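Here is the structure we will look at.
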Amino acid sequence: MASSFARVLSSKRKVGILSLVGAGSLTVGFFLNREHVNAGSNVRRIYPASAEYPDLRKHNNCMASHLTPAIYAKLCDKSTPNGYTLDEAIQTGVDNPGHPFIKTVGMVAGDEESYGVFADLFNPVIKERHNGYDACNMKHPTDLDYSKIRGGVFDDKYVLSSRVRTGRSIRGLSLPPACTRAERREVERVVIDALAGLKGDLAGKYFSLTIMTDQEQQQLIDDHFLFDKPVSPLLTCAGMARDWPDARGIWHNNEKTFLVWVNEEDHTRVISMEKGGNMKRVFERFCKGLLEVEKLIQEKGWEFMWNENLGYILTCPSNLGTGLRAGVHVNLPRLSKDTRFSKILDNLRLQKRGTGGVDTAAVGSTFDISNLDRLGQSEVQLVQTVIDGVNYLIECEKKLEKGQDIKIPPPISQFK
Amino acid sequence: MPFGNTHNNFKLNFSVDDEYPDLTKHNNHMAKLLTKEIYAKLRDKQTPTGYTLDDVIQTGVDNPGHPFIMTVGCVAGDEESYEVFKDLLDPVISDRHGGYKATDKHKTDLNFENLKGGDDLDPNYVLSSRVRTGRSIKGYALPPHNTRGERRAVERLSVEALNSLDGEFKGKYYPLKSMTDAEQEQLINDHFLFDKPVSPLLLAAGMARDWPDGRGIWHNENKTFLVWVNEEDHLRVIAMQKGGNMKEVFKRFCVGLQRIEEIFKKHNHGFMWNEHLGFILTCPSNLGTGLRGGVHVKLPKLSTHAKFEEILTRLRLQKRGTGGVDTASVGGVFDISNADRIGSSEVDQVQCVVDGVKLMVEMEKKLEKGESIDSMIPAQK
């Protein structure tokens, strides 16, 4: 099923791609030239912006906090070259007012250009979500040099598993909220073509959601690899579940330690994980795998969406920068009952989740502990933060076991 | 994707083969009829409001359907959708509505005096009677596609029209977004309140966007005439009351509808209607009369009889649970209503319900006495 792509034109704004399918199949060629993509009609506007402005009085999300009538009026007639509009970007936040205690982001990007065309709204949202990060003036550091990691092998008595995930988007194709079926299928083709080139401990196999057998499905569920059609209204209102399960699938290496989700909430989600506490090895595999995949797509004329202010471009602004969540499932029976637990986590710039992931509860005293931050620090910095933090938590747990007292650590700084 | 029109031409950069949806595991009317040829022919078209074929079919692509229940799988975004995409929608309409042809004409009859009987359904069996339909306001896009501004305009116009009604129709509007807890509780107890849609059939078509903005419920003081604003259609109009006097319910229904229509016409925004499709609504299944006239009726014995389904089919009726579509019956009580929507008039359809329910209640009584109902089974209407 290999396809080959040749880059015809390449510049910052113009990408032309000619696609030819290999021997034995019909030739399908299409020329995609950004310059010629006249998305079509202007935004249909029968009423003034004031009549279209959403009612956000009962809303509690980042979009609602920053979308003033003036910003709405300024941006509502604009669209990206692919035709994505402000109303589409904010729909999920309008439809999901939010929770009094949990502040969701409330908007998504439909393509790379969304972050530019709607910067007047994205930038304040990014600033709020990422603790003051100034997208106009600050530069985001990218660093996948795993050799810089110090320590990172935890006591298996406490740490049950280690995991690092991120996302990557394929430049030139719209993101899950806006992609057409053809674009989504193209993402799938590009990604699985690249993954097929991985070797050694990274060699693996792709399981398409549309043709998965019941047996394969059961195995993937048992391995905790399978992702479902999104049910969260945050995602469905943004249009990310359209055409499910077309062009969605899961790739994993034979050893089941490196996993890629295709076309779920992002073009790709890349996950490295193992039982036990060897975060160092998990991160090393993560970096090697990512860099190898990047090399393989570049050979075919593709690249990841990235810029120097926002780092890796993903669908949700909360995942900009590194898009990285490095975490462990760690057993902290005593510490988790201590009233200082939350404060300790805060100061270490860590967050806790239940073992089912976001918005789940902890089972027993096992918590998912991971980095809070995504943007403004590099992958190496964030993983080191997790390693240092988890070490501290385990030390606290050990102290409490011996009946000794623990200390709240001083807060570590955010942007290094 | 739905809800916007600025990217309609962008999709044309990709081939038909690459964009054509995978419908191999689907079982809905749209999937049955959308060939690649039709897709290729219609994909570059858009209605004046910018609604495209992909928008029309999204709900059917996202909801493959059920092996036993055949959903429609497509919706209209505006009045013109039925014309611009007729190469798909006419076959769907024909498939869904028993062979209704593209050249057929639909009869509208809201003259309640033409209904025979209907005031004598046995209240020991018939617990409540209800007639509902939908109406769309000409000149505005439909719920899958409208903007917040349009939806609010429909609400404003509707509330103005409804608040001008008097006599037995004098009533009040309760906007969903500013309803008090007390009002909400009362509306739930009256079985009037509608919820934010949870059905993926509606959500995938974009009908729940911006909820609850622009949505509300209006009802008269007597609580016998009720209008839903901006749920699945611009307006859903409902007349209902306890007991079996369907005649009275239908009269109120017709009179109320006609009064409302007059007011909208005065504002140059009459109802969407044409002589081929009758009243234009969001879902092709509701074209024609958009009417569902029904009763909640106790049929514990008849409903377990081997010929129950057959009888319903011959009477041109359908059964639902007492919670409405896709619910189960509770305690042998069924919601029995007309199966048809297009090709017969409002009077015709309510007549079917009245005559059919009367017959079924007789059958139930016979079965109670241990007698056979074989001689009563009707011919196909």
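If you're wondering where the values come from, they're calculated on a predicted model, not measured in any experiment. Chain identifiers are assigned alphabetically (A, B, ...) following the order of the sequence lines, protein sequences preceding nucleic acid strands; residue numbering begins at 1 within each chain.
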With chain B, the option among Lys229(A), Arg57(A), Arg181(A) that has the most non-hydrogen atom pairs under 4.5 Å is Arg181(A)
Is atom NZ of Lys265(B) surrounded by more than 12 heavy atoms (other residues, nucleotides or ligands) closer than 6.0 Å? no
So how far is it from [X] [atom1] to [Y] [atom2], rounded to the nearest 0.5 Å?
X	Y	atom1	atom2	result
Glu19(B)	Arg184(A)	CD	CZ	9.0 Å
Trp211(B)	Asn96(A)	CH2	CG	14.0 Å
Lys25(B)	Asp246(A)	NZ	CG	10.5 Å

Side chains of Phe10(B) and Ser174(A): does their closest heavy-atom pair fall under 4.5 Å? yes
For Asp22(B), is it the side chain, the backbone, both, or neither that has a heavy atom closer than 4.5 Å to a heavy atom of chain A? both
Checking Leu23(B) against chain A: side chain, backbone, both or neither under 4.5 Å from a heavy atom? neither
How close do [X] and [Y] get, heavy atom to heavy atom, and via which atoms?
X	Y	value
Arg152(B)	Ala51(A)	NH1-O, 2.8 Å
Tyr53(A)	Arg148(B)	C-NE, 4.1 Å
Asp18(B)	Arg185(A)	O-NH1, 2.7 Å

So, the side chain of Asp95(A) versus the backbone of Asp210(B): is there a donor-acceptor pair under 3.5 Å, distance only? yes
Any donor-acceptor N/O pair, Lys58(A) side chain to Lys177(B) backbone, under 3.5 Å: yes
Of the backbone (N, CA, C, O) and the side chain (C-beta and beyond), which part of Ile90(A) lies under 4.5 Å from a heavy atom of chain B, both, or neither? side chain
